[in-house]
J.: 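There's a structure below that I have some questions on.
From a predicted model like this one, the values you see are computed outputs, not experimental measurements. Numbers here are sequence positions counted from 1.
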Amino acid sequence: MMLSLRLLLNLLSLPHLRSQSTTISLTSGGIIAHLRRSMATDAVADPVSPAKTRVGWIGTGVMGRSMCAHLMKAGYTVTVFNRTISKAQPLLDMGAHLASSPLAVASQSDVVFSIVGFPSDVRSVLLDPSSGALSGLRPGGVLVDMTTSDPSLAAEIASSAVSKGCFSIDAPVSGGDRGAKNATLAIFAGGDESVVNRLNPLFSHLGKVNYMGGPGKGQYAKLANQIAIASTMLGLVEGMMYAHKSGLDVGLFLNAISTGAAGSKSLDLYGSRILKRDFEPGFFVNHFIKDLGICLIECQKMGLSLPGLALAQQLYLSLKAHGEGNLGTQALILTLERLNNVTLLPSSAPSS
C-alpha cells in the first residue's frame, strides 16, 4: 500500500531521510522500516537530559502528580494537562506550564507521558484527531502511556505513532501512591527497546524500568501483576478477619507475619491503613475493577481459567455496588466484614 502524499512528504523532509544516499523503497513498509532504523540510531546518539528534552504530562491525579513532580525536581521543563485544573495546581506552583489540551502539550514536548483512568481516556487523550497528543507530536517524539490499559490499544497506539514518524511506549506502573511519592515504582515497558533505553534518564526518577518486549507487552505484564495483587489482597484481608475472629490482636498478628512467608508488599502498604480504617485511595477501587475486567477479557481470549481472579473481581464489584468505588483497594476489608457481619476494630497498628 502506498503512503499518502502528505505523509510521504513529511517523512522525506526529516533529516534522517534527506541525508541518506541510498535509495529507499517508496512503500509504507519500506520507508517506515527505514525511518524506524534511522530514528532508533539517532535516539541512542541523542540522550535525554533536562537541557535538551521537553517533557509533557497528561493526568495529574493521585499517581501522576507525584511522578511529574519528580521530573520537575530533576530539572526538566514540563507542560501539563489535566481536565480538572485544580489537581494540577501543585505542579503549576512548582513552575509547570499549563496546556489547554493534550495536543497542546505534545506540540511543546519531545516526550509525552500520560497516566489517566480508563482505556477510553487513553484513546481520547492520545489518538483523538482534533485534540489528542499524537496529532500535536512532531516526528521523532515519544508517547509514554503509564495507564493500565488494553494491550491491543497499546499496540494500536504504537502503530499510529510509527505512521507519524514517532514512537510509543506502554509503561504501566505498580507501587501505588507510596511508590509514586518515593519514586520506587515498578515500571513495565513495552515497545522499541532502544527507545526504552533512551528514556532511562526519565524513568530513573520514577522507579525501576523493566523491559518486557514489544508493543503491548508492558500492559500484559501489568495485568499479570494485578492478578497477583488481587489474590494477595484477598488473602491479607481474610487472614486479618480470621485473626480478629479468633481473638488475636490483629496489629500484633500483622507484625508477626510480616517477616515470615506471609509477608508481602500489600501487607506493608495496606495493613496499617486497614487497621486505622484509612480507606483513602492510593489506587481507586473503580480503577482496580477496570484492570481486573481487562484481565478477565484477556483470559477469555486466551481460553484461560483463573478462578481467584474472577472471585476477587466479584468482591471488588460489591464495593462499587455499595458506593465505595472511590475508596482505595484496601477497602476490600469492608466486603469481608459485610459477608461475616463482623467489624474489624482498630488495635495495635503494625510498624511501617
J.: Which pairs count as salt bridge (charged side-chain N to carboxylate O under 4.0 Å, His left out) when at least one residue sits in residues 138-153, sequence neighbours excluded?
T.: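 The answer is none; no pair qualifies.
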J.: Between Arg123 and Glu156, does at least one N-O distance fall below 4.0 Å, as a salt bridge requires?
T.: yes
J.: Please give the remaining members of the hydrophobic cluster of Ile297, linking ILVMFWY side chains under 4.5 Å, ordered by chain and number.
T.: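 Ile297 clusters with nothing; isolated.
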J.: For Ile294, what are the other residues in its hydrophobic cluster, where any two members join if their side-chain heavy atoms are less than 4.5 angstrom apart?
T.: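 Other cluster members: Leu223.
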J.: Going by side-chain heavy atoms closer than 4.5 Å, which hydrophobic residues are tied to Phe81, directly or by a chain of links?
T.: Ile58, Val105, Val112, Val116, Val122, Val125, Leu126, Leu127, Leu134, Leu137, Leu143, Leu153, Ile157
J.: Kindly state each residue pair satisfying salt bridge (charged side-chain N to carboxylate O under 4.0 Å, His left out) with at least one member in residues 226-248, sequence neighbours excluded.
T.: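 Non-adjacent pairs meeting salt bridge (charged side-chain N to carboxylate O under 4.0 Å, His left out): zero.
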J.: For Ala183, what residues pass the side-chain contact (heavy atoms from CB on, under 4.5 Å) criterion, not counting sequence neighbours?
T.: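 Result, side-chain contact (heavy atoms from CB on, under 4.5 Å) vs Ala183: His70.
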J.: If you look only at pairs with a residue in residues 95-109, which of them pass as a salt bridge (charged side-chain N to carboxylate O under 4.0 Å, His left out), with sequence neighbours excluded?
T.: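 Found none.
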J.: Quick one: list whatever passes ring pair (Phe, Tyr, Trp, His ring centres under 6.0 Å) with Tyr270, sequence neighbours left out.
T.: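 Residues passing ring pair (Phe, Tyr, Trp, His ring centres under 6.0 Å) with Tyr270: none at all.
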J.: Quick check: closest heavy atoms across Val62 and Gly282, and the distance to 0.1 Å?
T.: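 For Val62 versus Gly282, the nearest heavy atoms are CG1-O, 3.8 Å.
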J.: Check side-chain contact (heavy atoms from CB on, under 4.5 Å) between Asn82 and all other residues, then give those that pass, not counting sequence neighbours.
T.: Thr60, Thr84, Lys87, Ala88
J.: Considering only residues two or more places apart or on different chains, which pairs with a residue in residues 54-82 satisfy salt bridge (charged side-chain N to carboxylate O under 4.0 Å, His left out)?
T.: Arg54-Asp110
J.: How would you list, by chain and number, every residue that makes a side-chain contact (heavy atoms from CB on, under 4.5 Å) with Ser159, sequence neighbours excluded?
T.: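 If we apply the side-chain contact (heavy atoms from CB on, under 4.5 Å) test to Ser159, skipping adjacent residues, there are no hits.
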J.: Side-chain donor-acceptor contacts of residues 331-340 below 3.5 Å, not counting sequence neighbours, with atom names and distances?
T.:
from   : atom 1 : to     : atom 2 : distance (Å)
Thr335 : OG1    : Leu315 : O      : 3.3
Glu337 : OE1    : Arg277 : NH2    : 3.1
Glu337 : OE2    : Arg277 : NH1    : 2.7
Glu337 : OE2    : Leu344 : N      : 2.9
Arg338 : NH1    : Glu324 : OE2    : 3.1
Arg338 : NH2    : Glu324 : OE1    : 2.7
Asn340 : ND2    : Leu336 : O      : 2.8

